[in-house]
Asker: 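What follows is a structure written as structure tokens; I'll ask about it next.
Protein chains get the first letters and strands the later ones, always in sequence-line order, with residue 1 at the start of each.
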There are 2 protein chains.
Amino acid sequence: MTANTTAACCAPIAREPLAESDAAELAGLLKAVADPVRLRLLSMIGSHAGGEACVCDLTDAFDLTAPTISHHLKVLRTAGLIDGERRGTWVYYRIVPETVNKLGALFAPLAEPELVTV
Amino acid sequence: MTANTTAACCAPIAREPLAESDAAELAGLLKAVADPVRLRLLSMIGSHAGGEACVCDLTDAFDLTAPTISHHLKVLRTAGLIDGERRGTWVYYRIVPETVNKLGALFAPLAEPELVTV
DNA sequence: CTATCATTTAGACAGGTTTCAAAGCAGGAG
DNA sequence: CTCCTGCTTTGAAACCTGTCTAAATGATAG
């Protein structure tokens, strides 16, 4: 179609127009992380020693009630970004790297902002 | 080859807990792209020949009214993800790579040993 | 100046989100 | 068994979003 003279740059999102179905799926994932509390939860879980974190640790880090934290964890779990398991009294969550990678792949390699000027 | 080899693990989000202020800023950015229409708009603008796209092209690709598209473009513009300019009759939008890179840097290097060598 | 096309703004409405209090479940301790 | 603690579910209130129609603004042509 075109000369495509600026090929050495583009993140997937800027390489070709996103298909409608892909956009819908990715938007669902992005909605799950597009919240300050859930971003911090995801970060806390992912950076916790052993790769997993107990809900009790997470709840104490916020000025929010336990049901609210539980709700946010459910959103992340439903989106497939985290996975939870009960061991005895406590419930532990860990990250699902495959799903997180989908997000990374979306915007990732947008190289240096040295684009061809107009 | 031992000079700061980014290990096969951690995206910034999984390296250390996100600060509250960073989480708020990033969540704002993510909210702007967490919509199928806006994702496709961003992708269309970024992948368009010349690095910019006219609103008229964008509007025709959706089953939505012009005001709705305009609303979504405003959200992307307010978030700093795109930048618009009027030239004569038409308004042209282009991507702001710096802002998009912030998103790429968040989830990017999580466990995928694929190296960018282009 | 008037007509017309392209885009944005304003106002309104249905539907979804975030949050909390209260109640419900599941394990462990006494 | 009974109680207590950790976590989830439910139900409801306040708020935010996506979409539309109608109207305003900007630019160009006649």
Asker: Can you measure B:Trp90 atom CH2 to C:dT4 atom P for me and round it to whole angstrom units?
Answerer: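 Those two atoms, CH2 and P, are 17 Å apart.
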
Asker: Can you check the B:Ile69 CD1 to C:dT9 C1' distance for me, whole Å?
Answerer: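 For the pair B:Ile69 CD1 and C:dT9 C1', the rounded distance is 16 Å.
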
Asker: What's the OH-C1' distance between B:Tyr93 and C:dT8, to the nearest Å?
Answerer: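 Atom-to-atom, B:Tyr93 to C:dT8, this comes out as 8 Å.
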
Asker: What's the CZ-C1' distance between B:Phe62 and D:dT19, to the nearest Å?
Answerer: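 Going from CZ in B:Phe62 over to C1' in D:dT19 covers 14 Å.
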
Asker: Between B:Thr99 and B:Gly80 (side chain of the first, backbone of the second, donor and acceptor by atom type, cut-off under 3.5 Å), is there such a pair?
Answerer: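 Yes; judged by distance alone, with no hydrogens or angles, the pair exists.
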
Asker: Once you round it to whole Å, what is the distance between P of D:dG18 and CG of B:Leu73?
Answerer: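 In whole Å, D:dG18 P lies 13 Å from B:Leu73 CG.
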
Asker: Once each nucleotide of nucleotides 10-21 of chain C is scored for protein heavy atoms under 4.0 Å, what B/S/- sequence comes out, 5' to 3'?
Answerer: --------SBBB

Asker: Rounding to an integer number of Å, can you tell me how far B:Arg86 CZ sits from D:dT25 P?
Answerer: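 These atoms are roughly 13 Å apart.
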
Asker: Taking the nucleotide of DNA chain C with the closest heavy atom to each, which residue, B:Cys54 or A:Gly88, is nearer the 5' end?
Answerer: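 Counting from the 5' end, the first nearest nucleotide belongs to B:Cys54.
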
Asker: Do A:Ile82 and A:Val96 have side chains that approach each other closer than 4.5 Å (heavy atoms only, starting at C-beta)?
Answerer: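 Contact flag for A:Ile82/A:Val96 side chains = no.
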
Asker: Is A:Leu106 close to A:Leu30 at the side-chain level, that is, under 4.5 Å between some pair of heavy atoms?
Answerer: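 In short, these two side chains touch, coming nearer than 4.5 Å.
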
Asker: Whole angstroms only, please: what is the CD-C1' distance between A:Glu85 and D:dG6?
Answerer: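 Whole-Å distance recorded here is 16 Å.
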
Asker: Nearest whole angstrom, please: distance from the P of C:dT8 to the CG of B:Leu76.
Answerer: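 Distance check: B:Leu76 CG to C:dT8 P gives 12 Å.
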
Asker: Does A:Tyr93 have A:Arg77 sitting over its ring (NZ/CZ under 6.0 Å from centre, angle to axis within 45°)?
Answerer: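 Checked: cation-pi criterion not met.
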
Asker: Keeping the roles fixed (side chain from B:Ser70, backbone from B:Ala66), state whether a donor-acceptor pair exists under 3.5 Å.
Answerer: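 A pair under 3.5 Å: no.
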
Asker: Respond yes when some side-chain nitrogen or oxygen of B:Thr89 is under 4.0 Å from OP1 or OP2 of D:dA27, and no when none is.
Answerer: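 So the side chain of B:Thr89 is outside the cut-off, no N or O lying under 4.0 Å from OP1 or OP2 of D:dA27.
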
Asker: Please check this pair: side chain of B:Asp35 against backbone of B:Arg38, looking for a donor-acceptor N/O pair closer than 3.5 Å.
Answerer: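 Yes.
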
